[in-house]
Protein chains: 2
Amino acid sequence: MRRSDAHATGVRCADCMLRRKRLFRPFSPGELAAVAAMKQQHLVVAAGTDIVRSGERVRICYTLFDGWAARSHELKSGARQILDVVLPGEAIALDSVLLGAGTHSVHALTTAALCVLDGKQVVALLENSPTFAADLLRTQLENERRADARLTMLGRLNGEERVGYFLVETFERLRRRGMADETRCAFPLRRADIADAVGLSKVHAMRALRALRAHGLADVSGGSLTIANPAQLAAHVGFVPLPTTRRAIL
Amino acid sequence: MRRSDAHATGVRCADCMLRRKRLFRPFSPGELAAVAAMKQQHLVVAAGTDIVRSGERVRICYTLFDGWAARSHELKSGARQILDVVLPGEAIALDSVLLGAGTHSVHALTTAALCVLDGKQVVALLENSPTFAADLLRTQLENERRADARLTMLGRLNGEERVGYFLVETFERLRRRGMADETRCAFPLRRADIADAVGLSKVHAMRALRALRAHGLADVSGGSLTIANPAQLAAHVGFVPLPTTRRAIL
DNA sequence: CGTAATCTTGACCAACGTCAATGTTCGTGG
DNA sequence: CCACGAACATTGACGTTGGTCAAGATTACG
């Protein structure tokens with residue numbers, strides 16, 4: 001499950017099924033060629049691997065092709081905050097290509113497949129294809145809206161609501177990628193990960209999960225998440241799905 | 001202090017001193033002309049005015065020219081979360097021009113002067129000037145980094161640290177705009193605003209302010225903020241200033 | 001089969017929210 | 001200049017939420 005698998009799982013951009021999903025912006029032939037040219041490697045890493053470490057200056061970025069990852073901050077105190085879960089089709093380390101040394105870490109939550117992209121060529125595409133740059137800006141503005149909502153959840157919801165919010169939001173993101181059925185999806189996060197995502201201690205995150213289960217709202221067990229009535233849970237925690245826009249993908 | 005003052009305070013983009021600050025990206029003559037053309041009005045609003053209301057679909061966006069504003073979410077419960085303080089030179093409602101109906105509100109914290117920009121022309125500039133789109137994307141990625149740090153503060157710091165973080169972060173942003181001296185700056189937020197920014201109740205935000213004052217770290221009174229030793233406070237709360245990049249301004 | 005990691009729970013304590021009362025500031029009209 | 005009221009600031013008392021510690025149960029894996 002290391003780099004030696006690269007060829008086994010390699011996919012040419014032109015054949016990539018991920019980018020054909022409705023969620024993603026269609027590519028012009030020219031853009032597709034540019035992206036195919038900048039793709040240096042198809043890399044598979046094991047669960048737990050650090051994909052990006054905070055402070056590293058890098059000349060490459062990634063598209064998560066398959067699997068789950070988490071962006072996080074670590075404090076000197078040892079505490080950790082998970083900033084966001086990264087799902088297939090999303091960019092990793094794009095910020096460090098455009099702004100220099102990254103401020104967050106990214107680690108694989110499951111076995112993860114990554115498209116490795118040459119930073120210089122990414123910048124070149126941006127500066128040569130204005131519609132692409134504009135679409136990437138749209139995607140980034142949409143990310144900001146999600147981040148705003150997460151900030152509100154951390155600042156203003158109680159423990160049970162925070163966990164519930166995190167679960168439906170993730171469920172909804174998976175649904176849009178065709179990675180969830182009506183009430184169920186994979187959910188590889190451990191209890192400690194959930195706690196670090198919603199700003200609770202591990203013990204209290206447990207209590208919140210127990211309460212959600214007791215209320216028949218959500219159940220996390222055996223690596224999968226079941227939400228009997230997603231609309232009800234969403235209403236309960238004040239989650240409002242964003243209107244679907246076609247996200248830029250690299 | 002209403003629209004009638006527009007002419008009194010009107011500034012032509014070519015003469016604008018704000019955009020000449022080091023913090024902001026210099027403009028090519030072509031871009032400057034494009035921005036001057038899209039500027040429809042120079043609008044002055046009183047403190048407390050709603051500049052943008054959540055859910056409104058708009059065809060214009062703004063650059064905050066002078067004064068302070070706050071972006072916020074309101075929950076059905078009546079609770080409010082301030083997402084960010086908006087300072088001179090920053091865009092307002094750019095997201096709703098590019099993505100449709102906004103998801104947050106923006107209100108003026110002080111008397112505020114706004115450059116009103118035509119949305120269509122903003123989009124046109126983006127799609128015609130790739131370097132500008134790329135720079136705006138950089139600025140947006142920098143905003144994301146700040147948002148990540150705020151999320152971490154909400155999730156992982158205690159009340160006193162949260163308030164301290166919010167104060168130094170804002171102080172540092174003002175300093176970069178030349179709006180603060182070594183230890184002091186204007187600070188027009190009320191106690192309730194501070195509480196809503198850091199996810200505390202008003203009463204507890206008070207206690208945190210009292211503790212910060214008792215520890216000699218920060219003092220908010222009479223509409224101004226004094227931080228005896230900003231570096232010390234920053235270290236105390238884990239605030240790390242982002243490297244300065246030249247921000248795109250419209 | 002054994003060891004380490006993770007999950008789960010109870011008991012207890014600290015942080016934070018709520019309620020309610022008092023003080024302070026500031027603008028307005030007399 | 002003063003009287004008044006409204007909005008805001010400040011504080012104490014008390015209840016609730018969430019953190020910490022510690023132990024036992026379960027799972028994953030060599």
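Chain letters run A, B, ... following the sequence lines, proteins first, then strands; residues in each count from 1. A quick note: this is a predicted structure, and the numbers were derived from the prediction, not measured.
No salt bridge links B/Asp196 with B/Arg190; every basic N to acidic carboxylate O contact stays at or beyond 4.0 Å.
Here the nucleotide nearest the side chain of A/Arg210, chosen from C/dC7, C/dC16, C/dT9, is C/dT9. Listed nucleotides: D/dT10, C/dT6, C/dT8. Nearest to the side chain of B/Arg191: D/dT10.
Nearest-nucleotide positions on DNA chain C for A/Gly155 and A/Leu189 put A/Leu189 closer to the 5' end.
Residue contacts for B/Gly199: at a heavy-atom cut-off of 4.0 Å it reaches the sugar-phosphate backbone alone, with no base atom in range.
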*How would nucleotides 20-30 of chain D be written as a contact map, 5' to 3', with B for base contact, S for sugar-phosphate-only contact and - for no contact, using protein heavy atoms under 4.0 Å?*
BB---------

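Between the CG atom of A/Leu209 and the P atom of D/dG18 there is a distance of 13 Å, rounded to whole Å. Between the CG atom of B/Leu157 and the C1' atom of D/dG19 there is a distance of 15 Å, rounded to whole Å. In this entry the distance linking CD1 of A/Ile194 with C1' of D/dG18 reads 17 Å, nearest Å. The distance between atom CG of A/Asp193 and atom C1' of C/dC7, rounded to the nearest whole Å, is 13 Å. When the C1' atom of D/dT17 is taken as reference, atom CD of A/Glu161 falls 12 Å away, rounded to whole Å.
Going from atom CZ of A/Arg173 over to atom CG of A/Leu87 covers 4.0 Å, rounded to the nearest 0.5 Å.
Counted within 6.0 Å of CZ on B/Arg176, heavy atoms from surrounding residues, nucleotides or ligands total more than 12; the atom is thus considered enclosed.
In this structure a side-chain-to-backbone donor-acceptor pair under 3.5 Å is missing from A/Arg162 to A/Ala197.
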*Can you list the steps and then say if A/Tyr62 with A/Val52 is a side-chain contact (heavy atoms from CB on, under 4.5 Å)?*
CA-CA 10 Å; A/Tyr62 308 87; A/Val52 175; 4.1 Å; yes

*asked:* Quick one, A/Gln140 with A/Leu94, criterion side-chain contact (heavy atoms from CB on, under 4.5 Å). Give me CA distance, side-chain angles, the key distance, then yes/no.
replied: CA-CA 11 Å; A/Gln140 191 54 36; A/Leu94 185 60; 5.5 Å; no

